[in-house]
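Shown next, in C-alpha cells, is the structure this report addresses.
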Amino acid sequence: MKLLLVEDDRTIAEGLLYSLRSEGYEAVAAGSVKEAESRLAGEDFSLALLDLGLPDGDGTEVFDMVKRKGDIPVIFLTARDEEVSVVRGLDMGADDYITKPFRIRELLSRIKSVLRRSGGEAGSEIRLGDITINTASATVKKGDREVLLTALEYRLLLCFANNGGQVLSRSQLLESVWDVSGDFVNDNTLTVYMKRLREKLETDPQNPTVIKTVRGLGYKAGE
C-alpha cells in the first residue's frame, strides 16, 4: 500500500517516512506542489497526507490534483489550529486532519481508520519471495501456510520488506525495533530474534534466502 506524504520540512518528512515504512506502508515524499504534481502524474497512491503550508503554494492545490486522479482518501497535516483551516479542509472533502505537533501513533491510528472507511486496507500485502505479509491483519504466510511471529519478529520482517534489497546494519535494525516497540533490545537479543525469524521463514535456515547476511555490513532481503 503506497502513501504520498507532501511536507516541506525535510526533518519532519524523513521522520514520518521512517515511521510509515516501519508500520508496513510504502511511502514516498514530496516537498512542494510541483514535486507532488510530478509524483501524482507517475505513481498511484492509496492515501495522501498533505501539509497545508508549502513553499510554492498551498496543500489545497495538491488536494485538487489528488481528487482529479481518483477517489483517494486525504488527511491534512496542519500547524494552523484555527477552526477556519480545519473547516476549510473538511469542507473540501478531506477525510480527516491532524494538527502539528502530533504523536506518530495518533497519525497511524488516523491513517488506519481512514483506510478502513474507504476500503483501502483490504489488499494491503507485501511479498518477499514466497513470504506474504498482510499489513491490514498483521499476518504472515509462507506459501499457503500461516507463520506465527512475535511482535518484534514481525517488526523486523517489515524492516526488510520495506527496504527491498538495501543492506541494513545491525544498528539500524536495533534502532527500528527500539523506536517502534519501546522494548529494550540489545545486540545479543537481536541475534536471537534473527535466528528465530529465519527458523520460521527459511526453507533451509543454514542457507537463508529470505533474509541474507552481508558479511561485515548487516542483512538484506532476498530477491
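Computation of the quantities below employed the complete heavy-atom set of this structure, encompassing side-chain atoms and omitting hydrogens, waters and symmetry-equivalent molecules. Because the structure is a prediction, the values reported are computed rather than measured.
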Taking atom [atom1] of [X] and atom [atom2] of [Y], what is their separation to the nearest 0.5 Å?
X	Y	atom1	atom2	value
F63	I72	CZ	CD1	10.5 Å
Y25	L3	OH	CG	6.5 Å
I131	L201	CD1	CG	4.5 Å
M194	F160	CE	CZ	4.0 Å
I104	L107	CD1	CG	5.0 Å

Could you tell me whether a side-chain N or O of [X] sits under 3.5 Å from a main-chain N or O of [Y], the two making a donor and an acceptor?
X	Y	value
D130	G143	no
K69	L40	yes
E106	F102	no
E202	T209	yes
S38	K34	no
E14	T11	no

Are side-chain heavy atoms of [X] and [Y] found at a separation under 4.5 Å?
X	Y	result
N134	K141	no
L128	L157	yes
L47	L49	yes
L168	Y219	no
K142	T203	yes
Y97	L52	no
L156	I211	no
I126	E26	no

Mind listing the closest non-hydrogen atom pair of [X] and [Y] along with its distance?
X	Y	value
L115	S46	CD2-O, 3.9 Å
G59	L50	O-CD1, 3.9 Å
L149	L197	CD2-CD1, 3.9 Å
S22	L158	O-CD1, 3.5 Å
V6	A36	CG2-CB, 3.9 Å
K100	L77	CE-CB, 4.1 Å

Ion pair [X]/[Y], N-O distance below 4.0 Å:
X	Y	result
R110	D95	no
K2	E43	yes
E23	R105	yes

Just wondering, more than 12 heavy atoms not from [X] lying within 6.0 Å of its [atom1]?
X	atom1	answer
R145	CZ	yes
D144	CG	no
K67	NZ	yes
E146	CD	yes

**Prompt:** What do the steps show when you test I12 against D51 for side chain to side chain contact (heavy atoms under 4.5 Å, CB included), and what is the final call?
**Reply:** CA-CA 11 Å; I12 293 175; D51 187 9; over 6 Å; no

**Message:** Assigning hydrophobic clusters by single linkage (Ile, Leu, Val, Met, Phe, Trp, Tyr; side-chain heavy-atom cutoff under 4.5 Å), is V28 placed with V74?
**Reply:**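 Yes, because V28 and V74 connect within a single hydrophobic cluster, where side-chain heavy atoms sit under 4.5 Å apart.
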
**Prompt:** Could you go step by step and tell me if E35 and D56 meet the side chain to side chain contact (heavy atoms under 4.5 Å, CB included) rule?
**Reply:** CA-CA 10 Å; E35 190 177 352; D56 60 342; over 6 Å; no

**Item:** Residue among K200, K195, R196, R198 satisfying salt bridge (charged side-chain N to carboxylate O under 4.0 Å, His left out) with E153
**Value:**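 Only one of K200, K195, R196, R198 forms a salt bridge (charged side-chain N to carboxylate O under 4.0 Å, His left out) with E153, namely K200.
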
**Request:** Go through the structure and list residues passing side-chain hydrogen bond (donor to acceptor under 3.5 Å, both in side chains) with R127, not counting sequence neighbours.
**Result:**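 side-chain hydrogen bond (donor to acceptor under 3.5 Å, both in side chains) check on R127 returns T132.
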
**Request:** Tell me, with the steps shown, if V66 and F45 meet side chain to side chain contact (heavy atoms under 4.5 Å, CB included).
**Result:** CA-CA 9 Å; V66 170; F45 298 96; over 6 Å; no

